[in-house]
Protein chains: 2
Amino acid sequence: MIVVGEKINADLKSIKAALDKNNKEIIQELAKKQQEAGASYIDINTGVFKENEVSKLKWLVDVVQEVTDVPFSIDSSNAEAIEAALKANKNGKPVINSITAEKEKYNKILPLVLEYDAYVIALCMDNNGMPETVDERIVIADKLVNSLLKEGVKIDDILLDPLVRPVGSGTNYGVCAIEAIKKLKAQFPKVKVICGINNISFGVPARKLMNQSFLVAAMISGLDAAIMDSMDKKLMSTIFATEALMGKDEFCMNYQMKFREGLLEI
Amino acid sequence: MIVVGEKINADLKSIKAALDKNNKEIIQELAKKQQEAGASYIDINTGVFKENEVSKLKWLVDVVQEVTDVPFSIDSSNAEAIEAALKANKNGKPVINSITAEKEKYNKILPLVLEYDAYVIALCMDNNGMPETVDERIVIADKLVNSLLKEGVKIDDILLDPLVRPVGSGTNYGVCAIEAIKKLKAQFPKVKVICGINNISFGVPARKLMNQSFLVAAMISGLDAAIMDSMDKKLMSTIFATEALMGKDEFCMNYQMKFREGLLEI
């Protein structure tokens, strides 16, 4: 399972405050902790700064890569900010998070994917906004994948995100997410499927519990990568258990090792 | 989700001790707590007593139904003990746990299912012992279901148990359980699928964690009923979360109610 650490996101008050003051220590501590806890990528998002997004994102890349060596997931819809981050990047092949089938956005982001040979998260969304059904997602995914391939993006570099919506706001949104993951995986077996775990639980109580159950359901439905809190020990433990259940952990040796290392939390 | 409370099992030392001394209080307390926690059936097992199994099981039925009104799951391979329990039963339609395709066992248990109009758990096992593969399980299930139907058992009264084996003793046993549940459900849509959750984690550490992940995986694969510890609040919470994710909980109203009642544990 590929884990993208989601915590350096200026939508979070504490991160916004640290960025306001250019407080390196808080950011670096969080970056290090996420990597130590198992994040294979560090997501960085400074969208909230709007006018300063370019400089803030560039600053983040510089600061985070002083203390980590995992690649970035550059979470922005501002092409200029993404490019500034890509230029400053020294931490291995980055992820551009994200492109969509919205025409303007697609045309802005695509050249960056190609020029910087980045991975790209393709969100199942187009000019009609958030899709409602599984089939709408598949149609958009099909359009996106075919178009990206035609433009020269390698199939291994595409990650599809079905766009998970909160189960508290739509009774069927859990089923929709799970079915979309299954269908995306069936239709594009070489493309990785990614999603934000936390999205499912927005607006309900005991969010961590809902996130855990959703993570299992998503994994056994074919999820390859999760944007999530890698420092949430229970969520990480859930990954180790589910990998064992999926036959990906020979005689549960990794699970047992994690237990001995004190990394399993029930 | 149908929950069968598994705790009154004389394989457990504390239960064995209580039964040795005919200690009603301990047993009744446990029975009440299981029902309160959400068990729809109370499993009772006195197999360890061998010679006294008949009287011990009968005693259990009498004692438990003094304080609970949910039906029993009579967990025995001793036809005489099962019949004693069935005769003493006043708590609604019971479950006979279990019949198999082992010829002798089948012939002994079947008449009880018919005579007492009980539900029956049909274990995917025959004279060749524990099945290894998913397909072996399906073949046995097919034989069992067809045979039970032919003998006059109603399809609604059959619960198929794929026989979950510990993932710590076979890397593929998690996949096997999950795939077996899916295939049983696809092949026999009117038959309920049941399994023991705890079986998956035998021999690995942090069993509750493994059980939780397995429960989600099993539920979204089609599991209708679980033999489990209904007093394990996290496991019960996992059911509420997973039901919401499966679209079975309108706007998460039940999930939110459980939260307000203090019944969700993360």
Side-chain angles (χ1 to χ4, degrees), chain A residues 164 166-179 182 200-201 203-221 232-253 255-260 262-266, chain B residues 164 166-179 182 200-201 203-221 232-253 255-260 262-266:
Chain A
V164 173
V167 70
S169 68
T171 305
N172 210 39
Y173 287 165
V175 176
C176 180
I178 292 164
E179 289 306 312
K182 279 185 199 164
I200 199 73
S201 62
V204 297
R207 292 188 66 177
K208 288 188 172 194
L209 167 65
M210 188 63 86
N211 292 347
Q212 275 172 58
S213 294
F214 177 59
L215 180 56
V216 178
M219 283 178 72
I220 78 153
S221 301
D232 180 335
K233 224 167 148 180
K234 286 184 189 172
L235 210 51
M236 289 300 290
S237 301
T238 298
I239 290 181
F240 306 136
T242 307
E243 284 177 337
L245 292 171
M246 293 173 75
K248 294 182 173 180
D249 180 8
E250 195 83 20
F251 292 107
C252 301
M253 284 191 291
Y255 185 79
Q256 303 198 42
M257 192 183 71
K258 297 292 181 193
F259 175 75
R260 285 193 299 273
L263 295 176
L264 294 192
E265 197 168 304
I266 302 158
Chain B
V164 173
V167 70
S169 69
T171 305
N172 211 39
Y173 287 164
V175 176
C176 180
I178 293 164
E179 289 305 313
K182 279 186 200 166
I200 198 74
S201 62
V204 297
R207 293 188 66 176
K208 287 188 172 193
L209 168 64
M210 188 64 86
N211 292 346
Q212 275 172 59
S213 294
F214 178 60
L215 179 57
V216 179
M219 283 178 73
I220 78 152
S221 301
D232 179 336
K233 223 168 149 181
K234 286 184 188 172
L235 211 50
M236 290 300 289
S237 301
T238 297
I239 290 181
F240 305 135
T242 307
E243 284 177 337
L245 292 171
M246 293 172 75
K248 294 182 172 180
D249 179 7
E250 195 83 22
F251 293 108
C252 300
M253 284 191 290
Y255 184 80
Q256 303 197 41
M257 192 184 71
K258 297 294 180 192
F259 175 76
R260 284 192 301 273
L263 295 176
L264 295 191
E265 197 168 303
I266 302 158

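Note on naming: letters A, B, ... go to the chains in the order of the sequence lines (proteins, then strands), and numbering restarts at 1 for each one.
- Looking only at heavy-atom pairs under 4.5 Å with chain B, the residue among A:Ile178, A:Thr238, A:Asn172, A:Ile200 that has the most is A:Thr238.
- Between chain A and the residues B:Tyr255, B:Tyr173, B:Phe240, the most heavy-atom pairs under 4.5 angstrom are made by B:Tyr255.
- For B:Phe259, the part lying under 4.5 angstrom from a heavy atom of chain A is the side chain only.
- Applying the side chain to side chain donor-acceptor pair (under 3.5 Å) criterion to A:Thr242, with sequence neighbours excluded, gives no partner residue.
- The minimum heavy-atom distance linking B:Val204 with B:Gly168 is given by the pair CG1-CA, 3.8 Å.
- Side-chain atoms of B:Ser221 never come within 3.5 Å of backbone atoms of B:Lys182 as a donor-acceptor pair (strictly under, hydrogens ignored).
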With a 3.5 Å cut-off and sequence neighbours excluded, list the donor-acceptor pairs that the side chains of residues 205-219 of chain A form with protein atoms.
| unit_1 | atom_1 | unit_2 | atom_2 | d |
| --- | --- | --- | --- | --- |
| A:Arg207 | NE | A:Ser201 | O | 3.3 |
| A:Arg207 | NE | A:Ser201 | OG | 2.9 |
| A:Arg207 | NH2 | A:Asn198 | O | 2.8 |
| A:Arg207 | NH2 | A:Asn198 | OD1 | 3.3 |
| A:Arg207 | NH2 | A:Ser201 | OG | 3.4 |
| A:Asn211 | OD1 | A:Ser201 | OG | 2.7 |
| A:Asn211 | ND2 | A:Asn198 | OD1 | 3.1 |
| A:Asn211 | ND2 | A:Arg207 | O | 3.4 |

